[in-house]
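Each remark here refers to the structure printed beneath this line.
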Amino acid sequence: MSDNKKPALDKEQASTRSLDRKKEEHLKRINDQIEEAKEPASYETYNYSVSSADEKIKLFAARRKGINHIMKKTPCQDYCLTTSINGCTVLADADGVSSCEHSDIGSKLACEAVVLAVKAASKSSVGEEQLVSRLLSVSFRDRLVSIWIKSVMEEVAKGDDYSPEEQLKEFSKYGSTIMYAVITQNWIVVGNLGDGQIMVFNDCYGVKLRVHAPKDSSRVRCLANERCVREDFSVAKYPRSCFNGVLLSSDGMYESMDKGNHYYDYCIQLKNRFLERSPHEPYQAVSYTHLTLPT
């Protein structure tokens, strides 16, 4: 009987060793990316220790132009920003749709729309509980999208004297996804429209905002697609007492690691490297990544 079990046991051990090797190889690639990303020249923009309403929060935001954009001499279509609004810390991350000619502008306007929408919600709220409730509401998302549409149409109006039909065609060239996190005293409120991912995590486990359905070529998940805005916008809130980090990343990074615990492992490695950085080693990131660490 022991002879019959031995082949099965050997097969199980071989499978375990294979999985361990794959994980080691994947973590090595992550470390290689981190090392590569230390090079300041590889970044189009970079911000460290930007303003925060909460002294306990450490922020990092960066974007990096992809190799295809460099080769084709096209602008980076990603945009990110972090700021403080009435005691809240706000992060916004947008990824312009690659097929849209002016998506680099659309992504910038998307991040700015988040800030304006949060400002409006904050001004009309009495206390943290009411603010969080409004940030999770459909009306907040409608306001955000309306602000973005207005900004895009103002941008379109700067060009030629377009007919209504031409204006609509130009409008579609500004397509962008949007992700954001609003950190209040006790809560982390996040929202996402598009194919990026948000993970809220601690040292033991992480929670993704959602698992994306397969892409449908007829439904590009972005602010310029009215159907997606209504059906695919995800929001959630998480208690700060349970989590000490939140990562916003575009699809290029997320999809390359969306297997097993790779994405979570990446979050922990990035957090540790970020916290351990020395004053003489400021570039601790990888491309298309935004990290905030409420402690």
Side-chain angles (χ1 to χ4, degrees), residues 45-63 79-94 107-148 150-151 177-193 196-203 206-209 223 233-249 267 270-271 274-275 277 285 289-295:
T45 63
Y46 171 83
N47 288 297
Y48 172 73
S49 289
V50 289
S51 60
S52 170
D54 191 331
E55 293 181 356
K56 294 181 179 180
I57 294 178
K58 296 182 180 180
L59 298 169
F60 179 88
R63 67 175 181 167
Y79 195 82
C80 60
L81 63 78
T82 60
T83 188
S84 301
I85 299 174
N86 297 332
C88 300
T89 298
V90 180
L91 296 91
D93 177 8
S107 62
K108 180 177 183 293
L109 296 177
C111 290
E112 292 173 351
V114 170
V115 174
L116 292 174
V118 173
K119 280 183 179 179
S122 177
K123 286 181 180 179
S124 61
S125 299
V126 179
E128 180 185 25
E129 183 177 343
Q130 188 177 60
L131 173 60
V132 170
S133 177
R134 289 186 174 175
L135 292 174
L136 294 169
S137 67
V138 175
S139 60
F140 175 80
R141 281 167 271 167
D142 287 343
R143 181 187 288 270
L144 191 164
V145 175
S146 295
I147 292 172
W148 181 79
K150 182 175 182 292
S151 299
T177 68
I178 185 63
M179 289 181 286
Y180 58 86
V182 182
I183 304 173
T184 68
Q185 182 177 357
N186 297 296
W187 295 95
I188 302 171
V189 181
V190 297
N192 182 18
L193 172 64
Q197 184 57 268
I198 300 175
M199 177 174 275
V200 181
F201 61 95
N202 56 34
D203 294 336
V207 180
K208 296 177 185 176
L209 177 59
L223 290 166
F233 217 125
S234 296
V235 296
K237 69 174 183 178
Y238 305 93
R240 281 185 64 178
S241 59
C242 296
F243 298 95
N244 61 11
V246 53
L247 176 70
L248 283 65
S249 67
C267 291
L270 183 59
K271 187 189 81 166
F274 180 52
L275 293 177
R277 65 172 287 279
T289 306
H290 312 286
L291 174 69
T292 179
L293 302 170
T295 57

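All values derive from a computational prediction rather than experimental measurement. For this chain, numbers begin at 1 and follow the sequence in order.
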Check: Hey, does the side chain of S151 reach the backbone of I147 with a donor-acceptor pair shorter than 3.5 angstrom?
Finding: yes
Checklist line | Rounded distance (nearest 0.5 Å) linking atom CG of N186 with atom NZ of K237 | finding: 10.5 Å
Next item on the list: Take L91 and I183, measure what side-chain contact (heavy atoms from CB on, under 4.5 Å) needs, and give me the verdict at the end.
Entry: CA-CA 9 Å; L91 296 91; I183 304 173; 4.1 Å; yes
Next item on the list: Would you check if D203 and K271 make a side-chain contact, meaning some heavy-atom pair closer than 4.5 Å?
Entry: yes
Check: Distance from D93 atom CG to I178 atom CD1, nearest 0.5 Å?
Finding: 7.0 Å
Next item on the list: Show the numbers, then the answer: is there a side-chain contact (heavy atoms from CB on, under 4.5 Å) between L248 and C80?
Entry: CA-CA 10 Å; L248 283 65; C80 60; over 6 Å; no
Next item on the list: Measure across C88 and V182 and return the closest heavy-atom pair with its distance rounded to 0.1 Å.
Entry: CB-CG1, 4.1 Å
Margin query: Less than 4.5 Å apart, side chain to side chain, heavy atoms only: is that true for K119 and T83?
Written below: no
Item checked: Euclidean distance, K208 NZ relative to S234 OG, rounded to 0.5 Å -> 13.5 Å
Next item on the list: Would you confirm whether E128, through its side chain, and T184, through its main-chain N or O, come within 3.5 Å as a donor-acceptor pair?
Entry: no
Checklist line | Verdict with supporting geometry, R141 and L144, side-chain contact (heavy atoms from CB on, under 4.5 Å) | finding: CA-CA 5 Å; R141 281 167 271 167; L144 191 164; 5.5 Å; no
Next item on the list: Run the numbers on T82 and T89 for side-chain contact (heavy atoms from CB on, under 4.5 Å), then give the verdict.
Entry: CA-CA 7 Å; T82 60; T89 298; 5.8 Å; no
Notebook entry, point to check: Are any of the side-chain heavy atoms of S124 and R134 separated by less than 4.5 Å?
Noted result: yes
Checklist line | Gap separating the CD atom of Q197 from the CG atom of N192, nearest 0.5 angstrom | finding: 6.5 Å
Next item on the list: Measure the spacing between CG of L136 and CH2 of W187 and express it to the nearest 0.5 Å.
Entry: 9.0 Å
Check: What distance separates S122 OG from I85 CD1, expressed to the nearest 0.5 Å?
Finding: 7.5 Å
Next item on the list: Looking only at non-hydrogen atoms, find the nearest pair between A94 and S107 and report the distance.
Entry: CB-O, 3.3 Å
Note to self: Using 30° and 60° as the class boundaries, would you call the ring planes of Y180 and F233 parallel, tilted or perpendicular?
What the structure shows: tilted
Margin query: Could you tell me if the side chain of L116 sits less than 4.5 Å from the side chain of W148, heavy atoms only?
Written below: no
Note to self: Tell me if a side-chain donor or acceptor on S146 pairs with a main-chain N or O of D142 at a distance below 3.5 Å.
What the structure shows: yes
Notebook entry, point to check: Is any side-chain heavy atom of F140 less than 4.5 Å from a side-chain heavy atom of V235?
Noted result: no
